[in-house]
There are 2 protein chains.
Amino acid sequence: MNLLQNRIVQIASLSEESNKKFLAAWQTWTVTKDFFVLKENEVSNYLYFIEKGIARIFYYKNGKEITEWIAMDNSFFLSIISFFERKPSYLQIHTIEPALIRGIHYNDLMKLCDEHHEIERWLRKALTGSLILSQYRMDSIQFETAQQRYEKLLETNPSIIQRVPLSYIASFLGITQETLSRIRSSL
Amino acid sequence: MNLLQNRIVQIASLSEESNKKFLAAWQTWTVTKDFFVLKENEVSNYLYFIEKGIARIFYYKNGKEITEWIAMDNSFFLSIISFFERKPSYLQIHTIEPALIRGIHYNDLMKLCDEHHEIERWLRKALTGSLILSQYRMDSIQFETAQQRYEKLLETNPSIIQRVPLSYIASFLGITQETLSRIRSSL
DNA sequence: TAATTTTTTTGATAATTATCAAATGAAAAT
DNA sequence: ATTTTCATTTGATAATTATCAAAAAAATTA
């Protein structure tokens with residue numbers, strides 16, 4: 001059972017040849033907790049996939065740490081702007097659990113996209129999915145109360161509460177940890 | 001001078017053949033003010049480009065009208081979810097000025113993507129750009145005050161104030177029109 | 001286990017924005 | 001030009017969440 005393979009074909013099926021070449025381009029890292037997958041001001045060279053563990057994508061805004069995304073459970077993650085625009089990342093990525101991470105280098109992905117129309121299509125579909133997610137998230141941030149956002153998170157991802165510190169979850173939801181603590185105690 | 005052509009090659013250059021075929025697939029509508037480009041519950045069949053005039057993308061949330069986007073000045077717009085997932089749109093699109101709109105049908109775009117790797121790549125790059133924009137907008141909604149968001153809008157798009165009613169701008173910024181009115185009078 | 005550090009909770013207050021209601025101003029229609 | 005309609009502003013109040021400070025609880029280390 002190859003978890004990455006499964007998720008890849010969920011986005012778009014590939015011919016045997018493309019699939020083989022695509023998979024072969026991914027490397028694997030087994031890392032400890034608190035490992036920095038991406039440091040500030042580095043150009044992000046990889047599109048990542050997390051097979052096991054949790055990675056947190058965060059940045060500093062007015063001296064405060066903002067958690068932009070929490071990646072777990074066989075999902076892709078990346079620093080979109082740095083990866084695609086090839087510029088230093090204001091985002092950082094670090095693990096908050098020991099993790100098994102896979103990654104494909106920008107150059108390899110671009111080469112595969114050039115050589116295999118199917119892989120280009122795969123990436124196009126993956127980006128379409130991200131964009132749709134991003135729309136829903138924007139709507140949620142703009143029009144739902146903190147409590148609604150928290151309850152939704154609990155529904156879609158109950159294990160996150162056990163595995164991720166409150167302060168990160170609060171920041172990801174766009175509220176302070178004090179507010180999240182109060183929401184919790186009121187439920 | 002072809003405005004659509006210009007914007008297309010800004011996203012990614014195309015060979016002469018692809019370019020010709022791509023351009024030929026776009027149709028043109030000349031519409032009055034208050035024309036519904038897309039009505040609720042229709043499946044959105046077109047990726048649009050506005051050459052002249054203004055279109056507003058909006059939806060209803062708890063009985064209230066929310067302006068999600070204001071398209072003007074040679075930009076692309078679409079109902080992302082409906083167009084790509086082929087399902088009825090909760091978004092509506094209508095013009096708030098007489099407009100010259102161009103559009104390419106979903107089937108034609110997909111066919112061109114299949115037949116021309118270059119056009120697939122073009123779409124992938126266009127989506128990458130949208131996703132980056134979407135990230136910046138999310139950050140802005142989550143961490144800037146209403147006043148900061150308004151001032152930024154004034155900077156990047158000063159003419160919007162003259163051409164778009166306050167209530168739409170307010171909704172687009174994620175605030176009520178009363179709040180925007182007060183921000184305005186305080187500047 | 002006790003001491004230390006980190007995380008979470010609680011309390012008081014302030015800032016921002018929403019909501020509801022009404023008044024004013026501007027544009028369109030008769 | 002007057003009426004009607006629509007858009008914007010102003011006022012008073014309420015809701016939500018942030019901020020700052022401190023206490024309590026939990027986890028880690030000695």
Side-chain angles (χ1 to χ4, degrees), chain A residues 32-34 54 56 58 60-68 70 94-98 137-154 158-187, chain B residues 32-35 54 56 58-68 70 94-98 137-154 158-187:
Chain A
T32 59
K33 184 183 151 120
D34 287 324
I54 306 183
R56 184 175 73 101
F58 68 99
Y60 285 93
K61 175 121 197 169
N62 309 325
K64 266 178 224 156
E65 214 185 83
I66 309 294
T67 295
E68 183 178 283
I70 295 165
H94 87 146
T95 54
I96 60 178
E97 275 185 10
R137 189 169 174 216
M138 192 132 58
D139 185 87
S140 167
I141 288 171
Q142 200 164 5
F143 301 111
E144 288 172 4
T145 63
Q147 177 155 346
Q148 287 172 314
R149 267 174 282 151
Y150 180 68
E151 285 174 0
K152 207 184 238 177
L153 183 67
L154 276 189
S159 74
I160 206 172
I161 309 306
Q162 274 80 51
R163 296 168 70 190
V164 179
L166 179 99
S167 62
Y168 298 161
I169 295 174
S171 172
F172 174 61
L173 291 172
I175 55 180
T176 60
Q177 63 170 6
E178 291 94 329
T179 299
L180 182 51
S181 176
R182 283 183 249 263
I183 285 169
R184 248 187 187 177
S185 69
S186 77
L187 288 180
Chain B
T32 60
K33 182 186 152 121
D34 287 324
F35 175 81
I54 305 183
R56 184 175 72 101
F58 68 100
Y59 62 105
Y60 285 93
K61 175 121 197 170
N62 310 324
K64 266 179 224 155
E65 214 185 85
I66 308 294
T67 294
E68 183 178 285
I70 295 165
H94 87 147
T95 55
I96 61 177
E97 276 184 9
R137 191 171 172 215
M138 194 131 58
D139 185 87
S140 167
I141 288 171
Q142 201 165 3
F143 301 111
E144 288 171 6
T145 63
Q147 177 155 345
Q148 287 173 313
R149 268 174 281 149
Y150 179 68
E151 285 174 0
K152 208 185 239 178
L153 183 68
L154 275 189
S159 74
I160 205 170
I161 308 308
Q162 274 79 52
R163 295 167 70 191
V164 180
L166 178 99
S167 61
Y168 297 160
I169 295 174
S171 172
F172 173 62
L173 291 172
I175 56 180
T176 60
Q177 62 170 6
E178 291 95 329
T179 299
L180 182 50
S181 176
R182 283 184 249 262
I183 285 169
R184 246 185 189 178
S185 68
S186 78
L187 288 181

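Here is how names work: the chains are called A, B, and so on, in the same order as the sequence lines, proteins then strands, and each is numbered from 1.
- Side-chain atoms of B:Ser140 and B:Arg149 form no donor-acceptor pair, as typed in the model, at a separation below 3.5 Å.
- Panel note: side chain B:Thr95, backbone B:Thr32; a donor-acceptor pair is recorded below 3.5 Å.
- Regarding B:Ile175, its CD1 atom lies at a distance of 11 Å from the C1' atom of C:dT16, rounded to whole Å.
- Between A:Arg149 and A:Glu178, the residue anchored nearer the 5' end of DNA chain D, judged by the nucleotide with its closest heavy atom, is A:Arg149.
- Minimum atom distance to the side chain of B:Lys64 is reached by C:dT19, of the listed C:dT17, C:dT19, D:dT19.
- Side chain of A:Ser171 to backbone of A:Tyr168: no donor-acceptor contact under 3.5 angstrom is found.
- For B:Thr176, a side-chain nitrogen or oxygen approaches OP1 or OP2 of C:dA18 to under 4.0 Å.
- Note: B:Ile141 CD1 to A:Arg137 CZ = 11.0 Å, rounded to the nearest 0.5 Å.
- Between the P atom of D:dT17 and the CD atom of B:Gln142 lies a distance of 13 Å, rounded to the nearest Å.
- Counting heavy atoms from C-beta on, the side chains of B:Leu153 and B:Phe172 come closer than 4.5 Å.
- Atom-to-atom, CD of B:Gln177 to P of C:dA23 comes out at 17 Å; the value is rounded to the nearest Å.
- One interatomic measurement links the two molecules: CD of A:Gln162 to P of D:dA27, which rounds to 12 Å at whole-angstrom precision.
- A donor-acceptor contact under 3.5 Å links the side chain of A:Arg182 to the base of D:dT19.
- Not one side-chain nitrogen or oxygen of A:Ser185 sits closer than 4.0 Å to the OP1 or OP2 atom of C:dT9.
- Here A:Thr179 reaches the OP1 or OP2 of D:dA18: one of its side-chain N or O atoms lies under 4.0 Å away.
- Rounding to whole angstrom units, CG of residue A:Asp34 and C1' of D:dT28 are separated by 14 Å.
- Between the P atom of D:dT8 and the OH atom of B:Tyr168 lies a distance of 9 Å, rounded to the nearest Å.
- Here the P atom of nucleotide C:dT17 and the CD atom of B:Gln147 are 8 Å apart, to the nearest Å.
- OP1 or OP2 of D:dT9 has at least one side-chain nitrogen or oxygen of B:Ser181 nearer than 4.0 Å.
- Separating the CD1 atom of B:Ile169 from the P atom of D:dT9 is a distance of 11 Å, rounded to the nearest angstrom.
- For B:Lys33 and C:dA28, the shortest distance from a side-chain N or O to OP1 or OP2 is not below 4.0 Å.
- Across all strands shown, B:Arg184 has heavy atoms under 4.0 Å from sugar-phosphate atoms exclusively, and none from any base.
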